[in-house]
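Just below is one structure, and these are the notes that go with it.
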Amino acid sequence: MGKKVTIIGAGSVGSTIAYTMAVNGIATEVAMIDINESKALGEALDIRQGVSFCPPISIYAGSYMDAQGSDIVILTSGIARKPGQSRLELAQVNVNVTKQIAPEIVKYAPNAIYIIVSNPVDILTYVFQKVSGLPEKQIIGSGTILDTARLRARLAEYYSINQQNVHAYVFGEHGDTSFVPWSIATISNIPIDSYVDCLTEKPVANPTLVHDEVENYIRKSGGKIISRKGATFYAVAVSVCHICKCIFSGADTVLTVSSMMHGEYGIDDVCLSTMCVVGAGGMDSRIVAPLTDEEIAKLHKSADSLKAVLQGINI
């Protein structure tokens, strides 16, 4: 059975997603669509010329019509964030792009799972849900899956432990109001702040883990990378490909993706990230993990920040 993915946007993020899919054999067919047809043709050709060393894949540039039969559609199109610019400053420009794309792509791929990657991702996920006419479970924002990956990488470095043993998440907006619910963060089921105490061989150097410093590192990582190299695309591409692998595997997987809230934690009518179960059908359900009152307040702050942006844009 084939696994077809359409990627809208052949910029750095879209092209790196296509490349990562080819190298790792995640999809068997990838269609790349961009308003700049020449760019899409060049990116597809560049990747295609190396696929003899990869698992079998067909990769090509095309139009919206080529999205027919897609299992997954990934939206990366829009204006990229510039140095010093917040994700939310991109809002109206990329909302307009999303509104133009939605009816065109849904016409040809009404049954696909849609992954929204463009920023501000939570705003664009909300807009796509409102204008596409698709069931909510088919629409997933990449949300804080990248932030969560950054968090786990940082904690794994700090504790010198395999990242797969770190179970910690970033909730809320993919942006400045994101936060870590430390009350549910563990290393192999041990509360993270108690982990070192449980070791029989204590590390020689064991500075105290400062939660605020870790969260600040996560929030500022994207901006630091953009200021140093102009864009971020490797880590987000791997993160999006991980979502695709979870969908294609059919095995339900807990991911911090962005989706519509319907009263969970007292939050409604906004898209943001908490723990969600993602499987073959898309976003199957949301996990309402037990949070502290302080953490719930932070989630509300994140929701309020996003709602303020939604009130200021034309959907």
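Predicted model, so just to flag it, every value in this text is computed and none were measured.
How far CD1 of I35 is from OG of S77: 9.5 Å, rounded to the nearest 0.5 Å. Remark: I57 CD1 to R48 CZ distance equals 11.0 Å, nearest 0.5 Å. Here OG of S239 is found 4.5 Å from CG of L146. Values are rounded to the nearest 0.5 Å. Within the model, atoms CD1 of I192 and OG of S194 stand 10.0 Å from one another, a figure rounded to the nearest 0.5 Å. Rounding to the nearest 0.5 Å places NZ of K99 at 14.0 Å from NZ of K130. Here the OG1-CG distance, from T98 to L124, works out to 4.0 Å after rounding to the nearest 0.5 Å.
Contact annotation: the side chain of V95 never approaches that of N314 to less than 4.5 Å [non-hydrogen atoms, C-beta and beyond]. Looking only at side-chain heavy atoms (C-beta outward), L255 and C246 come within less than 4.5 Å of each other. Counting heavy atoms from C-beta on, the side chains of M260 and D269 come closer than 4.5 Å. Two residues are said to be in side-chain contact when any heavy atoms from C-beta on lie closer than 4.5 Å; M21 and I47 fail this criterion. Between V13 and V240, the closest side-chain pair of non-hydrogen atoms is not below 4.5 Å. Under the 4.5 Å side-chain criterion, counting only non-hydrogen atoms from C-beta, V214 is not in contact with V180. No side-chain heavy atom of I243 sits less than 4.5 Å from a side-chain heavy atom of I74. Looking at heavy atoms from C-beta onward, N24 lies in side-chain contact with T20 at the 4.5 angstrom threshold.
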In sequence, state the C-alpha distance, the side-chain angles, and the governing distance for W182 and T292, and then conclude on side chain to side chain contact (heavy atoms under 4.5 Å, CB included). CA-CA 9 Å; W182 293 101; T292 66; over 6 Å; no

Pair T256, T148 - check side chain to side chain donor-acceptor pair (under 3.5 Å), show working. CA-CA 7 Å; T256 51; T148 295; 2.9 Å; yes

Trace of the side chain to side chain contact (heavy atoms under 4.5 Å, CB included) decision for E264 with T274: CA-CA 10 Å; E264 299 89 349; T274 61; over 6 Å; no

Just do the side chain to side chain contact (heavy atoms under 4.5 Å, CB included) check on I161 and Y195 with the steps written out, would you? CA-CA 11 Å; I161 193 74; Y195 172 71; 3.5 Å; yes

Between N96 and Q100, does a side chain to side chain donor-acceptor pair (under 3.5 Å) hold up when you go through it step by step? CA-CA 6 Å; N96 293 341; Q100 291 172 351; over 6 Å; no

Full working for side chain to side chain contact (heavy atoms under 4.5 Å, CB included) between T28 and F248: CA-CA 11 Å; T28 55; F248 282 140; over 6 Å; no

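At least one donor-acceptor pair under 3.5 Å links the side chain of S273 to the backbone N or O of T144. Q68 places a side-chain N or O within donor-acceptor distance of the main-chain N or O of M65, the cut-off being under 3.5 Å. Looking only at distances, a side-chain donor or acceptor of T76 sits under 3.5 Å from a matching main-chain atom of I8. Between the side chain of Y265 and the backbone N or O of A289, at least one donor-acceptor pair lies under 3.5 Å. The backbone N or O of S305 sits nowhere less than 3.5 Å from a side-chain atom of E173 that would complete a donor-acceptor pair. Here the side chain of S70 pairs no donor or acceptor atom with the backbone of A112 at under 3.5 angstrom.
Surrounding OH of Y19 are at most 12 heavy atoms belonging to other residues, nucleotides or ligands under 6.0 Å away. Heavy atoms of other residues, nucleotides or ligands lying less than 6.0 angstrom from CD of Q164 number 12 at most. With a 6.0 Å radius and a threshold of 12 heavy atoms from other residues, nucleotides or ligands, D197 has its CG atom above the threshold. The 12-atom threshold is not exceeded at NZ of K220, counting heavy atoms of other residues, nucleotides or ligands nearer than 6.0 Å.
H174 approaches N119 most closely through the heavy-atom pair CD2-OD1, 3.4 Å. Listed here is the closest heavy atom pair of R152 and A168: NE-O, 2.9 Å. Here the closest heavy-atom approach between residue I267 and residue A303 is recorded as CG2-CB, 3.8 Å. Smallest separation of non-hydrogen atoms from R286 and C276: NH1-SG, 3.9 Å. Across all non-hydrogen atoms, the minimal contact from A10 to S15 is O-OG, 2.8 Å. Listed here is the closest heavy atom pair of P110 and L134: O-CD2, 3.4 Å.
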Show me the donor-acceptor pairs, under 3.5 Å and distance only, between side chains in residues 184-191 and residues at least two apart or in other chains.
from	atom 1	to	atom 2	distance (Å)
S188	OG	N165	ND2	3.4

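In this structure, R154 forms no cation-pi arrangement with Y159, as its terminal cationic atom is not both closer than 6.0 Å to the ring centre and no more than 45° off the ring axis.
Taking hydrophobic clusters as Ile, Leu, Val, Met, Phe, Trp and Tyr residues chained together by side-chain heavy-atom distances below 4.5 Å, I116 does not share a cluster with V257. In the hydrophobic clustering of this structure, I145 does not group with L151; members are Ile, Leu, Val, Met, Phe, Trp, Tyr whose side-chain heavy atoms approach within less than 4.5 Å, directly or through other members. Criterion: ILVMFWY side-chain heavy atoms under 4.5 Å apart, direct or through other members. Under it, V73 and M32 are not part of a common hydrophobic cluster. V131 and V309 fall within the same hydrophobic cluster, where Ile, Leu, Val, Met, Phe, Trp and Tyr residues are linked whenever their side-chain heavy atoms come under 4.5 Å apart, directly or through other members. Tracing side-chain contacts under 4.5 Å through hydrophobic residues (I, L, V, M, F, W, Y), one never reaches V5 starting from Y60; they form parts of separate clusters.
Using bins of under 30°, 30° to 60° and over 60° for the plane-to-plane angle, the ring pair F128/Y114 lands in the tilted bin.
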